[in-house]
**Student:** 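One structure coming up, written as structure tokens, with questions to follow.
What you see is a predicted model; the values in this text were computed from it and never measured.
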Amino acid sequence: MPQETVDAAEWVGGGAALLAWSNEEGAEGRPPLIARGSHRGLGISGTLASQRDVRRLIQASDLGAMMADLSGCLSVVRVTEGELQAATASTRALSVFHAENDDLHLVGTRALHVHLVANAGQVAWNEVALQTMIRQGYFLSDETPYRGVTALGPSSVITIKDGRRRIATRPLPPALPAPTSARAKRQSIRRLGDALVAAVEPLQAVPEPVNLALTGGRDSRLMAALLHAGHVPFRATTNGLDTHPDVIIARELAARLRIHHAVIPPVRTEAKDAVLVPHPSVRTYEVIRACEGMTSAYESIVDYRPYSTMPTMSGQSGEILRGGFLYGQGQTTDRAMRRRVGDFFLKNEPLFTDEANEHARMLAEPWLRRVGENPWEVLDHLYVTYRVGRWHAAARVGSLRRGDPVQPFLDNRVVIEALSLDQRWRHSEEVVHELTSRLAPGLQEVELEGKPWRFRTGQAKAQRRWWQRKPPVRTSAPPAPKRGNPWNWRTSPGPRLSALLGEFVLERADALTALVRGDALKAFFSEPVVKQPALAWNLYTVAALLTGAFPGTPPAITDPVRVEIPQET
């Protein structure tokens, strides 16, 4: 952010110091940069459902026990004379990083800050850890790109006192057996629904409507139902072409809820036969700067804008309510799920060096051991621990430049309630369906983008009885959304963008020799169009990271790249 937008504060005493920076510029309703108590200072990253909890966090004797009961999406750092503590919530969507050197123990919410202080202002890469960045585009571990800097796990507290470091972690909650009666199901749904409603209650007092990124899927639809039920004023926006299923279905959802809906089309050429996208060097430079090398430039990170207090929401991370990584699991045999876990850690194994593959096996081993005990729980907890705790957390850092998005799916109480529900039940999608029905009756019946509700697969559509309330009358029916995978330039990059990605990576192949095999790298980029675009972007990101793109000067090439839109036949 521009330096003039950044405020600072500090608390110092008895061998411990808390330094805080923020671009929020005194945003109304936010806690102070450092909340002060009796010989204590507290810094909060993220949001709390109740500002009264700030005082409770300052005074709590057991920070871990206090965090377990909070509603919000946050992490905290607290100092007193001679002691430093930091804590994460159940998702660690707001990260905490720690390191040490001969003189200092360091804890912070930005990995680079921690690293530069610990390493005398110099950057030293943890190269072998970057193998998972290439495979997945984020970290499947507590490692960071920076040597000696580690991410604190979910539901964890780090305490540093008398020169010693101690980390205590609360295990993620085990799932209870699936309810066997309609009454028990309603009770479980009600508890989760109440936690979701509590997470958005503070939005009832905001001065302007919430902006919801609405698609044709399940999760943003549930967010719309939640805001509707919570009597929170909101409007919706959808990105895409008019023919995209997301746009068509979102229009229908907005019409049913009688809210304002805006469509944001992609930038296209005058002939509308192509889209113009940022040059890979520009895109990568921005993503690395915003996310500190912990997510790939394949991901779309929001650009910088002055900090706004306007609340924004989306359906991101709603998979927590659908079983985590189970949501995309077709076969649910123990063997299939064990193979899925192995593929997470050892994806594209022939591309990588022996050292990189051995490191990946070491990271996979504890999870593969757990698969034999409870494969459903493993795919559920892997999602919260890494997909949210590392990928989402890294991407979120970029969005914090322009505001603090409200994400009820990541609310601490919501996550605990969700993980406590049987994974098979959540995997069936009945939980999300019933929540949507309870919060905004009728919204669950609007056609979904992609596959239908999983628990309804193979069922005939239930007929509405004559005595049941009729659905709202539409003035005009929207066109039926097209099935199949709609075109997207990230997944269909075409020859021009593929060439730019390949040329850049192959020119910097020497920087990747500890991670990938040179012959396999050449073979990967030998086709006119890359077959795995995400992997190509991941390689581009790591190559840029290791060859000075961060924190280097802005790229010289800024012209956008033209990507042709395939014509329908």
Side-chain angles (χ1 to χ4, degrees), residues 44-50 53 57 63-76 87-96 138 142 151-157 169-176 188-202 218-220 222-223 226 230 313-327 374 376-396 404-427 429 431-432 434-436 439:
I44 295 176
S45 180
T47 56
L48 276 165
S50 172
D53 290 332
L57 283 165
L63 203 54
M66 176 70 199
M67 289 287 287
D69 296 329
L70 286 182
S71 180
C73 181
L74 73 158
S75 62
V76 301
T88 55
S90 53
T91 62
R92 63 168 171 180
L94 280 301
S95 300
V96 170
Y138 60 95
D142 294 337
L152 189 64
S155 297
S156 295
V157 178
T169 298
R170 287 174 176 260
L172 294 174
L176 299 172
S188 297
I189 295 292
R190 185 175 64 252
R191 286 195 298 270
L192 180 53
D194 289 347
L196 282 164
V197 171
V200 301
E201 279 181 353
R218 296 144 173 79
D219 302 325
S220 64
L222 177 55
M223 287 295 97
L226 176 60
M313 292 175 62
S314 72
Q316 196 172 52
S317 298
E319 293 86 357
I320 288 174
L321 273 60
R322 294 189 277 128
F325 279 128
L326 290 164
Y327 75 90
N374 190 340
W376 292 80
E377 182 181 80
V378 167
L379 286 175
D380 193 22
H381 288 189
L382 265 174
Y383 183 89
V384 172
T385 304
Y386 297 133
R387 182 65 176 175
V388 175
R390 300 310 312 273
W391 173 78
H392 179 91
R396 183 185 176 97
D404 203 343
V406 180
Q407 294 177 293
F409 287 139
L410 301 183
D411 179 89
N412 191 48
R413 280 186 55 210
V414 170
V415 172
I416 290 171
E417 288 288 348
L419 294 183
S420 299
L421 299 181
D422 179 76
Q423 286 98 3
R424 290 171 177 81
W425 188 31
R426 279 185 284 136
H427 175 255
E429 299 185 332
V431 171
V432 172
E434 292 306 306
L435 277 170
T436 306
L439 297 169

**Student:** Can you spot which of Ile44, Asp53, Leu410 makes a side chain to side chain contact (heavy atoms under 4.5 Å, CB included) with Leu74?
**Tutor:** Ile44
**Student:** Keeping the roles fixed (side chain from Arg426, backbone from Ala418), state whether a donor-acceptor pair exists under 3.5 Å.
**Tutor:** yes
**Student:** Taking Thr88 for its side chain and Ser155 for its backbone only, find out whether a donor-acceptor pair lies under 3.5 Å.
**Tutor:** yes
**Student:** Could you walk me through whether Leu70 and Leu48 pass side chain to side chain contact (heavy atoms under 4.5 Å, CB included), step by step?
**Tutor:** CA-CA 8 Å; Leu70 286 182; Leu48 276 165; 3.9 Å; yes
**Student:** Taking all atoms of both residues into account, what is the closest heavy-atom pair of Leu63 and Val157, and its distance?
**Tutor:** C-CG2, 4.3 Å
**Student:** Indicate the atoms forming the closest heavy-atom contact of Arg170 with Gly64, along with that distance.
**Tutor:** NE-O, 3.6 Å
**Student:** Might you point out which heavy atoms bring Ile320 and Tyr383 nearest each other, and give the distance in Å?
**Tutor:** CG1-CE2, 3.7 Å
**Student:** As a quick check of understanding, evaluate side chain to side chain contact (heavy atoms under 4.5 Å, CB included) for Leu321 and Leu222, giving each step before the final call.
**Tutor:** CA-CA 11 Å; Leu321 273 60; Leu222 177 55; 3.7 Å; yes
**Student:** From Arg390 CZ over to Asp142 CG, what is the distance, rounded to the nearest 0.5 angstrom?
**Tutor:** 6.5 Å
**Student:** Examine distances only and state if a side-chain atom of Asp219 and a backbone atom of Gln316 form a donor-acceptor pair shorter than 3.5 Å.
**Tutor:** no
**Student:** Any sub-3.5 Å donor-acceptor pair from Ser156's side-chain atoms to Pro154's backbone N or O?
**Tutor:** yes
**Student:** Can you check whether Gly72's main-chain N or O pairs, donor with acceptor, with Asp411's side chain at less than 3.5 Å?
**Tutor:** yes
**Student:** Would you check if the side chain of Arg387 reaches a backbone N or O of His392 as a donor-acceptor pair within less than 3.5 Å?
**Tutor:** no
**Student:** State which residue, out of Leu176, Asp380, Val431, Ile189, fulfils the side chain to side chain contact (heavy atoms under 4.5 Å, CB included) condition with Leu421.
**Tutor:** Val431
**Student:** Quick one, Arg92 with Thr385, criterion side chain to side chain contact (heavy atoms under 4.5 Å, CB included). Give me CA distance, side-chain angles, the key distance, then yes/no.
**Tutor:** CA-CA 8 Å; Arg92 63 168 171 180; Thr385 304; 3.7 Å; yes
**Student:** Which heavy-atom pair separates Pro408 from Ala199 by the least distance, and what is that distance?
**Tutor:** CB-CB, 4.1 Å
**Student:** Salt bridge check, Arg396 against Asp404: does any charged N sit closer than 4.0 Å to a carboxylate O?
**Tutor:** yes
**Student:** What are the two closest heavy atoms between Met313 and Met223, and how far apart are they?
**Tutor:** CE-SD, 3.4 Å
**Student:** Within the structure provided, determine whether Val197 and Glu201 are in side-chain contact (heavy-atom separation under 4.5 Å).
**Tutor:** yes
**Student:** Indicate the atoms forming the closest heavy-atom contact of Arg424 with Trp376, along with that distance.
**Tutor:** NH2-NE1, 2.9 Å
**Student:** Any side-chain heavy atom of Val76 sitting closer than 4.5 Å to one from Met67?
**Tutor:** yes
